[in-house]
Engineer: 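Here's a structure for you.
Letters go in sequence order (proteins before strands), and every chain restarts at 1.
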Number of protein chains: 2
Amino acid sequence: MKYETETLTRRQEEIYNFLRDHQEHFSTAPTLDELCKMLGVKSRGSLHKHIQALTEAGLIEPAEKRQRGIRLTSYEVNHVDELPFLGRIAAGSPIEAIEIPESIEVPQMLRSNGQCYVLQIRGDSMIDDGIFDGDWVVIEKREQARNGEIVVALIEGREATLKRIEQCPNEVILYPANSTMKPMHFSPEQVQVQGVVVGQMRSYR
Amino acid sequence: MKYETETLTRRQEEIYNFLRDHQEHFSTAPTLDELCKMLGVKSRGSLHKHIQALTEAGLIEPAEKRQRGIRLTSYEVNHVDELPFLGRIAAGSPIEAIEIPESIEVPQMLRSNGQCYVLQIRGDSMIDDGIFDGDWVVIEKREQARNGEIVVALIEGREATLKRIEQCPNEVILYPANSTMKPMHFSPEQVQVQGVVVGQMRSYR
DNA sequence: AATGTAAATAAACAGTTGTTCTCTATTTGT
DNA sequence: ACAAATAGAGAACAACTGTTTATTTACATT
């Protein structure tokens, strides 16, 4: 007998996609019987073989206690409502990118219609605007900003900071929201807007 | 045979409290066997009678599909992506409840394992703690708080506020996080903790 | 001393669930 | 055209789960 190939068969992929598409509608981990009904399969044993293959492929895992249904691996992580978590941002340094870009759950309310991503705040430079060390901010990727918006600004192509921006014809002023720091003045060429803050989240645990 | 009294027996209350205290630790709905082990009961049948009584009392409900464990009523509120949005809270007034309780999307990261709900902030009394007018806060329903936590406190049974709490044997101090306001001192009987802040969200649009 | 209630144990039952097996039909590759 | 791979049906099995019943123990009330 041959070793199993590590690629999925057509039907296995079909079933996996079904599980992915429907995982949101499962209140509890689905049963083989339930899945059979939904997939139109009449034999529990038939389905079991596919489920077993997917389990060995690491895409699925049985609910821990036995006899308690099947769920996708990292069930809650693959939610539709996730944005890429790109890294941490501290005043005066480049953005510290995450090696493996993770995902982070973000409610619809905290996003804009544009392309968004998430950064975590390092430091207290925005403390007076209610953005604290450790907070997550949702950034809409955008090159232009309106005056008064909080932006991810790249200074001299090196440092990245989160600041409130005021743009005049000949000058760009970045206001740190921290009474112990002073506004910084630049020429328009020195400052490049990378995105605008549209949401913020904090966990107290 | 007599009709069942509507009050719980000593043991029923004991078991109900156990379930309440431990619901956070259940990843899936617990089984009678599992509960037996945890409670030190050797017979599944013994426990079943108590569970049945609690179910009739409306405090517990069997997981929908049969053969899938037992959960507290409204257990799954914590497992969907939305939490009930109960109303707005302003310093010095009762909570302004929403007529029809809506739902609001809250990421897993911003919740605790306990029962949670969402309030929207009115006013600037927590501005120094980074909680602004219009922000949403995620509250874990809880009657006890640790010192330093931000709580929803009911004062004299009437006013509700969001404050940082310090509890001494003879005194409860509520600190508004706003330098223009002063800490308020109460006797322990005057202040009732209703919940603890575990998360916060803000939209900039 | 007699009685009733609460609580626990143990055994048994039926339905569910995951698993394994054999057998058959269909598709695929050479 | 033939063999291998894939897919499904159905049966059978053991473990688990909720439920019921009979029996015993402890305890408080009368």
Side-chain angles (χ1 to χ4, degrees), chain A residues 1-19 22-23 26-73 75, chain B residues 1-19 22-23 26-73 75:
Chain A
M1 193 205 280
K2 273 192 186 175
Y3 287 112
E4 295 288 307
T5 64
E6 53 193 12
T7 55
L8 300 175
T9 68
R10 189 176 60 254
R11 194 67 221 260
Q12 282 162 18
E13 201 173 329
E14 218 173 301
I15 292 175
Y16 179 58
N17 287 334
F18 175 87
L19 287 174
H22 289 76
Q23 61 171 339
F26 299 139
S27 52
T28 61
T31 285
L32 283 183
D33 271 344
E34 293 168 6
L35 288 177
C36 277
K37 249 177 205 171
M38 301 190 222
L39 288 161
V41 177
K42 292 182 186 170
S43 161
R44 205 161 64 231
S46 307
L47 185 56
H48 177 259
K49 204 160 36 173
H50 294 136
I51 293 296
Q52 198 170 246
L54 291 174
T55 303
E56 280 164 11
L59 298 172
I60 268 183
E61 58 189 5
E64 57 278 18
K65 307 282 182 170
R66 270 193 297 281
Q67 313 274 29
R68 286 287 190 81
I70 284 139
R71 43 181 42 171
L72 295 183
T73 306
Y75 188 81
Chain B
M1 194 203 283
K2 274 193 186 175
Y3 286 112
E4 293 290 307
T5 65
E6 54 193 11
T7 55
L8 300 175
T9 67
R10 189 174 61 254
R11 190 65 215 235
Q12 281 162 17
E13 200 173 331
E14 216 174 305
I15 292 176
Y16 179 57
N17 287 334
F18 176 87
L19 287 173
H22 288 78
Q23 64 169 339
F26 299 137
S27 53
T28 63
T31 285
L32 283 184
D33 271 344
E34 294 168 6
L35 289 178
C36 277
K37 248 178 206 168
M38 300 191 224
L39 288 162
V41 176
K42 291 181 186 169
S43 160
R44 207 161 61 233
S46 310
L47 187 56
H48 177 259
K49 202 160 39 171
H50 295 137
I51 294 296
Q52 198 169 247
L54 291 174
T55 303
E56 280 163 13
L59 298 172
I60 269 184
E61 58 190 4
E64 57 279 13
K65 309 280 186 174
R66 270 191 297 280
Q67 314 273 31
R68 285 287 189 79
I70 284 139
R71 42 183 45 169
L72 294 184
T73 306
Y75 185 87

Engineer: Taking only nitrogen or oxygen atoms into account, show me every contact under 3.5 Å that the protein makes with nucleotides 20-23 of chain C, one pair per line with its distance.
Structural biologist:
unit_1  : atom_1 : unit_2   : atom_2 : d
dT20(C) : OP2    : Gln52(A) : OE1    : 3.1

Engineer: Under 4.0 Å between a side-chain N/O of Thr9(A) and OP1 or OP2 of dA7(D), yes or no?
Structural biologist: yes

Engineer: Tell me: CD of Glu34(B) to P of dC16(D), nearest whole Å?
Structural biologist: 11 Å

Engineer: Side chain of Thr31(B): nearest nucleotide among dA9(D), dG18(C), dG18(D)?
Structural biologist: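 The answer is dG18(D), which lies nearest to the side chain.
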
Engineer: Taking CG from Leu35(A) and C1' from dT16(C), how many angstroms apart are they, rounded to a whole number?
Structural biologist: 15 Å

Engineer: For Glu13(A) and dT6(D), what is the distance between atoms CD and P respectively, to the nearest whole Å?
Structural biologist: 13 Å

Engineer: Send over the distance from Lys42(B) NZ to dT25(D) C1', rounded to a whole Å.
Structural biologist: 14 Å

Engineer: Under the side chain to side chain contact (heavy atoms under 4.5 Å, CB included) test, which residues partner Thr55(A), sequence neighbours left out?
Structural biologist: Ile51(A), Ile60(A), Pro62(A)

Engineer: Please report, rounded to the nearest Å, how far the P atom of dG8(D) is from the CG atom of Leu32(A).
Structural biologist: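 The answer, rounded to whole Å, is 14 Å.
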
Engineer: If I take atom CG from residue Asp33(A) and atom CE from residue Met38(A), how far apart are they, to the nearest 0.5 angstrom?
Structural biologist: 10.5 Å

Engineer: With sequence neighbours excluded, tell me which residues meet salt bridge (charged side-chain N to carboxylate O under 4.0 Å, His left out) with Glu13(A).
Structural biologist: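 Partners of Glu13(A) under the salt bridge (charged side-chain N to carboxylate O under 4.0 Å, His left out) test: none.
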
Engineer: Of the listed nucleotides (dA9(D), dA7(D), dA7(C)), which one gets closest to any side-chain atom of Arg10(A)?
Structural biologist: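 When the side chain of Arg10(A) is considered, dA7(D) is the closest of dA9(D), dA7(D), dA7(C).
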
Engineer: How many Å lie between CG on Leu39(B) and C1' on dA7(C), as a whole number?
Structural biologist: 13 Å

Engineer: Nearest heavy-atom pair of Cys36(A) and Ser43(A): which atoms, and what distance?
Structural biologist: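 Reported closest heavy-atom pair: SG-O, 3.6 Å.
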
Engineer: Between C1' on dT5(C) and CD on Gln12(B), what's the gap in Å once rounded to a whole number?
Structural biologist: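 After rounding, the reported distance stands at 12 Å.
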
Engineer: Ignoring hydrogens and geometry beyond distance, is the side chain of Ser43(B) in donor-acceptor contact with the base of dA8(C) at under 3.5 Å?
Structural biologist: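 By the distance-only test, no, there is no pair.
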
Engineer: If you measure from CG on Leu19(A) to CG on Leu39(A), what distance do you get to the nearest 0.5 Å?
Structural biologist: 7.5 Å

Engineer: Of all residues at least two apart in sequence or in a different chain, which pass the side chain to side chain contact (heavy atoms under 4.5 Å, CB included) check with Thr9(A)?
Structural biologist: Arg11(A), Gln12(A)

Engineer: Over how many whole Å does the gap from His50(B) atom NE2 to dA6(C) atom C1' extend?
Structural biologist: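 The distance from NE2 of His50(B) to C1' of dA6(C) comes to 7 Å, rounded to the nearest Å.
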
Engineer: Determine whether Leu35(B) and Ile15(B) make a side-chain contact, defined as any pair of heavy atoms from C-beta on separated by less than 4.5 Å.
Structural biologist: no

Engineer: When you get a sec, tell me which of dA9(D), dG8(D), dA7(C) is the closest nucleotide to the side chain of Arg11(A)?
Structural biologist: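 Shortest atom-to-atom distance from the side chain points to dG8(D).
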
